[in-house]
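The analysis underlying the following values was restricted to heavy atoms, covering all of them including side chains, and did not include hydrogens, waters or symmetry mates. Proteins come first, then strands; the chains are lettered A, B, ... in the order of their sequence lines, and each starts at number 1.
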Amino acid sequence: MEKLMTLDEAVRKFIKNGSQIALGGFTVMRNPMALAYEIIRQGIKDLHMVCHSHGQALDVLIGAGCVKRLEIAYGGAGRYAPTCIRFKKAIQQGDIEFEDYSNYQMSLRFLAGSLNIPFIPTKSGLGSDLLNYEGFSKEIRTERKVATKKFEIMQNPFIDDKDDVVLLPALNPDVTLIHAQYVGEDGTIRIKGLTFADIEQAKAADIVIVTCEEIVPRSYIRLDPDQNSLPPFFVDAIVKIPYGAHPTGCFAFYDYDPKHLNMYRVYANDDKKFKEYLDEWVYGIKNHEEYLNKVGSDMLMKIKANPVIGYAVGLDRR
Amino acid sequence: MEKLMTLDEAVRKFIKNGSQIALGGFTVMRNPMALAYEIIRQGIKDLHMVCHSHGQALDVLIGAGCVKRLEIAYGGAGRYAPTCIRFKKAIQQGDIEFEDYSNYQMSLRFLAGSLNIPFIPTKSGLGSDLLNYEGFSKEIRTERKVATKKFEIMQNPFIDDKDDVVLLPALNPDVTLIHAQYVGEDGTIRIKGLTFADIEQAKAADIVIVTCEEIVPRSYIRLDPDQNSLPPFFVDAIVKIPYGAHPTGCFAFYDYDPKHLNMYRVYANDDKKFKEYLDEWVYGIKNHEEYLNKVGSDMLMKIKANPVIGYAVGLDRR
Amino acid sequence: MALEYSDNEMMAISAGRFVKDGDIVFAGTGVSMLAATAAKRIYAPKAVIFFETGGIDPSLDEIPMAVSDLRVMSGTCLNSGLIEAFSIVGHRKLHTIAFLGAAQIDKYGNLNTTSIGDYHRPKTRFSGSGGACDVASFASGVITFMQHEKRRFVERLDYLTSVGWYKGGDSRTRLGLVRGGALAVVTNLGVMRFHDETKEMYLDEYYPGVSIEKIIENTGFEIDVSRAKQAVPPTEDELMTLRNEVDPQRLICKA
Amino acid sequence: MALEYSDNEMMAISAGRFVKDGDIVFAGTGVSMLAATAAKRIYAPKAVIFFETGGIDPSLDEIPMAVSDLRVMSGTCLNSGLIEAFSIVGHRKLHTIAFLGAAQIDKYGNLNTTSIGDYHRPKTRFSGSGGACDVASFASGVITFMQHEKRRFVERLDYLTSVGWYKGGDSRTRLGLVRGGALAVVTNLGVMRFHDETKEMYLDEYYPGVSIEKIIENTGFEIDVSRAKQAVPPTEDELMTLRNEVDPQRLICKA
């Protein structure tokens, strides 16, 4: 499979300073963590992140100084960080340019991008400050891959009575990063459990990088193609990297790692300690085997999902 | 399961003269034939059909005089009737009111209906006569469930250069009719093989009637919910009726019936013979067992799909 | 003798009592998850719990700690995605009740989950809308969980993330939001509802041991307390179900 | 000695030769199905065949008789639906070639599959656009199969279902259709292409045994034949693949 490459190659080939990036997954689930760490290690800067609800991968990228610009609905990691900590600090300190949308709005913008239509209507947000405040300045709005307007309100042309509709501009990120459970030897992607907005994000993008838990035979992935998520031709790079979403979870493979997420919260809250975290868990990591060794086989066994039930039954999640 | 009912009950309860109806399936696949036959037997009139590409079920309904109004992209049954015959006659004779759209346009209109948005943009059709001719008169356009305009062309508000976009009005049919392979005892629907626009049509509708090949245990349908197509709360009536799509096919269960489709073409081409067809295959049928007896166990065995490959290997399809 | 119970337990049960059989319940994280699950197990067995992430009717043998938790995808009738989920919230054939949390609320039930201070350079930044704005736009009714504090019940929100009754009266409908609105606010002190016509918040129930005065003191705007009555405390059955079935690991009940 | 071959076989092979490795090929019914499959088996093994119904890259061990045939859902990499399929046709990162059929064509490659005569009360009604209008709007290039008859190659279409080069020159782009257009027309007599600037149809190849005059006679508008050359007949290899692997039941080859 010619698209198969290493983490290093995939990031080096497709992600540049200033790239617009969409992340698969959601808050604490199937975050493309291995890719995020590699982006940090390669010192890529000025990323423009386009997100619905994101947590761990986004927060690490912001904390490591890779992000210049952010369109987002939600920055949080469930009960482990109701608001993502480096995200919160970056906004409060004026370190990043940001623009708020809602989850449905961002998902619809990816849907529009995936359908190759320039905008999509919704009624969501009427009356809210999402439609009163613009985060991006006029200067930013002239830049590449930034919509010329946050939204447009128009009258529904199919009825005579007053009927306001919000038009949202499509999103077409430079690169979408996805972590999936299975990739077939033919390049077909299969995500198990919830897909969030991964499919729309992938189809909307110019480039799609997929990391995966397992590469499976063509005969297996094509036996029941109803279950598959993306055809091979939408995918540009495939990297096999088991536990590539740790410390976030991966349905039917492993749960989120509560110990790591709690530890992260403590480190993220303190600028100096956060540097130590990056040194220890990102910069200092030579390869993925070393990363998994640091997590420890003890914890890997604890978070191992029951493959039928999908999560780690009885895991201590405090 | 309280939604479980007979064919007779489902049609009597939910379909009225003048109802706007969407059909699941596509040309010769998973047409809700048993439901179409029951609609004919109950003498329901003045239906307003909203279709992308439809074949057998639509043609029988038109031929039996149940249809007054039609929005459609394509009327055909593959190589067995490149243009559906009763559909063709009805339009040529001026028997039905019709409006042409394309397949993507109709699918997008259902998508808009399913998303609860009043319209959806596309670039499809720019320059074509789909956007020059209106099939429906101004009078029809004032009626219930008919869009006030066929479409609207607007300037993309997110760019300064001239950029025309077609807005298509959403569709929200009164009733969507679907034939599925599996329904769980909890009411969950699972369609195998291609889903066409069934999901969007179902979610866009006020009422959804599902006929199915098999009702399976809750434990089975919930073991891998990634494979399911519709949650129970979108479905209003469930009818178990094996071979309910015959003579069209049903992936992994049975192929289309080439003998029947060829026979139908001959009968449909002649007004008198078409009446005989209806008498023999619709009006004269007391129950589904009798229908299957008429098809014959010989043919049922011939069209039986190989459950792994999905179709009837080597079936004589001339 | 009545059992002791935590604030979260009282809040979950107060909110759960609003759910009717057959309702489609949109749950967020935290108490909202507890309330939704409790409602289904105790009052409304035919209610369907779903999440903005796309998980519909999971078995919930363990309580999820995030709306993307693996536990919201296990034993469901359907695993889909965000677009599917939000189109369910607003579906006209479904009666959908949403549980939300917020940092600030005003007397019309409008919510702020975005920031405090200047929007562009906030004093405190929160997570943002997530699906809250969407759900507030589309659901048949919204129940909000709040810590009852003066700085949270405010005259004017720093940022209006999610529309409740907007400016009161019929102003919500005039925006173009055809249904829904704020149904109730459930806090650690009591339950607030909204006047049928003016859509202003009033005190409906105060919890046992909480005085009406305490609620007035902790509310940053004038609130009508003329119809207030004491809430029925959780029954032993309710508490046992909550502790043994809904949250056996006591991850949320405890707080 | 060369093998005998049918019109459909010559057409399938002429069209198949346009497909490049890696192309995403949109196939309809009939000859188009034959051509797409032949292309993949003979010239472009890495081409992906897909259908407007949502079937992507099926094994095609038997030839489908309709785009909804069970055979387009078997052995695929993905079974999806119409919206997915049409968003593939227009996807900017894919080079998509579409095979279409039509009842009428004009010199700019615009197609009619709707009706002959008055639109509201036609003399002959056809199936309608189906996905043709969409594909003609979005694909990187369209190859059309036609029976070569004067009444089909017309000065003016009765109904313009699917846009080719519209009114010639850059008129297609000015409509807002950013890519694509008519690539070729493959008939039972020869292969037509379009002038780079004017976008007018010209005769590129005539089949062995067919005279240029016959093509002129059967074309209802003036056609440039100055660049016409004889087509290479199907090789034995091509025919054997077509008959033994693509359509072993001879369902379409025969005609």
Charged N-O contact under 4.0 Å between C:Asp23 and C:Lys40: no
Among [options], single out the residue with the greatest number of heavy-atom pairs under 4.5 Å to chain C.
| options | value |
| --- | --- |
| B:Asn172, B:Asp186, B:Ile189 | B:Asn172 |
| B:Ile221, B:Asp224, B:Asp206, B:Leu230 | B:Asp206 |
| B:Arg222, B:Lys203, B:Gln227 | B:Arg222 |

Which of C:Gly75, C:Ser80, C:Gly55, C:Gly90 touches chain B most, by non-hydrogen pairs under 4.5 Å: C:Gly75
Contact winner vs chain B - C:Gly22, C:Ser87, C:Ser74, heavy-atom pairs under 4.5 Å: C:Ser87
Passing option when B:His48 is tested against B:Arg144, B:Lys145, B:Glu71 for side-chain hydrogen bond (donor to acceptor under 3.5 Å, both in side chains): B:Glu71
Reported NZ-to-OG1 distance for the pair B:Lys192 and B:Thr195, which is rounded to 0.5 angstrom: 11.0 Å
Would you mind checking which part of [X] comes under 4.5 Å of any heavy atom in chain C, side chain (CB onward), backbone (N, CA, C, O), both or neither?
| X | answer |
| --- | --- |
| B:Asp226 | both |
| B:Ser229 | backbone |
| B:Ile117 | neither |

Aromatic ring pairing C:Phe26/C:Phe86, orientation class (parallel under 30°, perpendicular over 60°, tilted between): tilted
Aromatic plane relationship, C:Phe145 with C:Phe99 - under 30° parallel, 30 to 60° tilted, over 60° perpendicular: tilted
Polar contact flag, side-chain donor to acceptor under 3.5 angstrom, C:Asn79-C:Thr76: yes
